[in-house]
There are 2 protein chains.
Amino acid sequence: MTERGFDAVSVDDIVAAAGVSRRTFFNYFADKESVVFDPDPDDPALWGELLGARPGGEPLWVSLREVVVGYTGACAERMILQRRVRLASPELAGCSREVADRFWDAVREWAAPRAGVDGFELELVVGAARMILHASCPYWDASAGIGGLHSLVRTGFDTFDWTRHESRTSVGS
Amino acid sequence: MTERGFDAVSVDDIVAAAGVSRRTFFNYFADKESVVFDPDPDDPALWGELLGARPGGEPLWVSLREVVVGYTGACAERMILQRRVRLASPELAGCSREVADRFWDAVREWAAPRAGVDGFELELVVGAARMILHASCPYWDASAGIGGLHSLVRTGFDTFDWTRHESRTSVGS
DNA sequence: GCTCAACTTGCACTCAGTGCAAGTTATGCC
DNA sequence: GGCATAACTTGCACTGAGTGCAAGTTGAGC
């Protein structure tokens, strides 16, 4: 797929290479996209770990930054593969959205009771974090390793610096 | 589609209702999604107008806010239709992404020479504006008109208030 | 009435994806 | 070993999206 493009590789090609039947393929993957973009089954556990590791008093914005860094660090290999496929087939741009949605749902769920922000404001903060990761990806030179992505993400978080808002919106202390 | 869901309406249904052949349908629409999500052919002109109307010295963040408000105001009818289809068929969540991409490309292109920010920072600011609109939509009660969306968008822009950054990054004055 | 271009259509085809029923394999129990 | 059962695999037939091609239709201009 990285060589020929996503469309030029049919499901028949895949099952022939894998030595299984067409039907078996669809027992395991909902569609062709899933081969590349399906989540690791123990992703949710990883997210839980990352979120659970944040210390109690940490500002939300810092937690979000560290969770994004940790997330990309742990999924680096898959991200690079997906990046290669997407580079060859730009029409797949929106493809891992669903997985990402689930990740950010988990983040929102975790953040809501901690941050004391209402629905829409929470949507905005978490949305900003997501946007920073999203904006960083095209500027990341993947061949130089995941560190480059991390520093872009940190720059992004510094640029918006939600922490200032937190002091006026947090309810805890 | 808003009643039965997107998948339950086949292209055959559409062409039967429209009184044209299947083949003719595909001469005008690249795929079934296009029926609902294709851009208006004179959208780019509208964008150009909105962007061109911004006064010279206006802070970028304010311009972006007003452009988003103007954009949603002009496309209210289509947005409401798309919202209804999406509500019935959530799997289409990422569907108008391509059109939106073109809009935000235009915004970036317009903003770059004005704002004096580099690629990544521009990506972040414009990405933030886009995220604010995106975050506002699910909280918008469409039945109450477009005004509700506008006030959510304004709240979003106030929440991040990029203007403060502008003073330290702008090159013009 | 003729010509040419634009548009429409039917047909045959490829590929994705699904439901069903039958076949195969593995497991555990007597 | 023999057997019941569940899990997995497969083939088959089908629907629906989307495309290439070649033929037919329409309409405007001369």
Side-chain angles (χ1 to χ4, degrees), chain A residues 1-45 78-79 81-103, chain B residues 1-45 78-79 81-103:
Chain A
M1 284 182 187
T2 60
E3 286 161 19
R4 290 190 259 155
F6 182 77
D7 281 344
V9 179
S10 73
V11 173
D12 285 331
D13 294 337
I14 299 173
V15 301
V20 296
S21 76
R22 226 181 110 66
R23 199 61 192 78
T24 301
F25 174 87
F26 283 111
N27 285 340
Y28 286 85
F29 298 99
D31 42 44
K32 208 170 70 171
E33 283 79 6
S34 301
V35 180
V36 185
F37 295 101
D38 255 15
D40 205 295
D42 43 40
D43 259 6
R78 205 190 329 158
M79 286 189 69
L81 167 69
Q82 293 179 358
R83 204 188 139 89
R84 286 176 61 202
V85 176
R86 251 193 279 266
L87 226 60
S89 307
E91 74 274 12
L92 300 175
C95 224
S96 35
R97 243 205 59 258
E98 253 178 74
V99 190
D101 279 351
R102 265 173 276 168
F103 169 67
Chain B
M1 284 181 186
T2 61
E3 286 161 18
R4 290 190 260 156
F6 183 78
D7 281 344
V9 179
S10 73
V11 173
D12 285 332
D13 295 337
I14 299 173
V15 301
V20 296
S21 77
R22 226 180 109 68
R23 199 63 192 77
T24 301
F25 174 87
F26 283 112
N27 286 340
Y28 286 86
F29 297 99
D31 42 43
K32 208 171 69 173
E33 283 79 5
S34 301
V35 181
V36 185
F37 296 100
D38 255 14
D40 205 295
D42 42 38
D43 259 6
R78 205 189 329 157
M79 286 189 68
L81 167 70
Q82 292 178 359
R83 203 190 140 89
R84 285 177 60 203
V85 176
R86 251 192 280 267
L87 227 62
S89 307
E91 73 275 14
L92 300 176
C95 225
S96 37
R97 245 204 59 260
E98 254 178 74
V99 190
D101 279 351
R102 266 174 273 168
F103 169 67

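In what follows, chains carry the letters A, B, and so on, assigned in the order in which the sequence lines appear, proteins first and then strands, with residues in each chain numbered from 1.
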Exercise for review: Pick base, sugar-phosphate or nothing for B:Ser10, based on heavy-atom distances below 4.0 Å to the nucleic acid.
Suggested key: sugar-phosphate
Whole-Å distance, A:Ile14 CD1 to C:dG17 P, equals 10 Å
Rounded to whole Å, the CG-P distance (B:Asn27 to C:dT9) equals 9 Å
Describe the nucleic acid contact of A:Phe29 in one word from base, sugar-phosphate, nothing, applying a heavy-atom distance below 4.0 Å.
nothing
So, with a heavy-atom separation below 4.0 Å from DNA chain D, the residues of residues 87-98 of chain A are none
side-chain contact (heavy atoms from CB on, under 4.5 Å) test vs B:Phe37 passes for just one of B:Glu98, B:Arg86, B:Arg78, namely B:Arg86
Are the side chains of A:Thr24 and A:Tyr28 in contact, using a 4.5 Å heavy-atom criterion? yes
Worked check of side-chain hydrogen bond (donor to acceptor under 3.5 Å, both in side chains) between B:Asp31 and B:Ser34 | CA-CA 5 Å; B:Asp31 42 43; B:Ser34 301; 2.8 Å; yes
Taking every heavy atom of B:Phe6 against every heavy atom of B:Ser89, the minimum-distance pair comes out as N-OG, 2.7 Å
Scanning both residues in full, the closest heavy-atom pair of A:Val36 with A:Gln82 reads O-NE2, 3.3 Å
Q. Phosphate oxygens OP1/OP2 of D:dT9: is one of them under 4.0 Å from a side-chain N or O of A:Tyr28?
A. yes
Whole-Å distance, B:Phe26 CZ to D:dG16 P, equals 12 Å
Exercise. Using only side-chain N and O atoms of B:Thr24, determine if any of them is under 4.0 Å from OP1 or OP2 of C:dT8.
Key: no
**Request:** Tell me, yes or no, whether the heavy-atom count around B:Arg84 atom CZ, taken from other residues, nucleotides or ligands under 6.0 Å, exceeds 12.
**Result:** no
Atom CG of A:Asp12 and atom C1' of C:dG17 are separated, to the nearest Å, by 12 Å
Atom NZ of A:Lys32 and atom C1' of C:dC15 are separated, to the nearest Å, by 8 Å
In terms of heavy-atom contacts, A:Arg97 and B:Gly94 come closest through NH1-N, 3.5 Å
Rounded to whole Å, the CZ-C1' distance (B:Phe25 to C:dG10) equals 17 Å
B:Arg22 atom CZ is separated from C:dC13 atom P, nearest whole Å, by 15 Å
When rounded to whole Å, the CZ to P distance for the pair B:Phe6 and D:dG16 reads 14 Å
DNA chain C nearest-nucleotide lookup for A:Arg23 and A:Val11: closer to the 5′ end is A:Val11
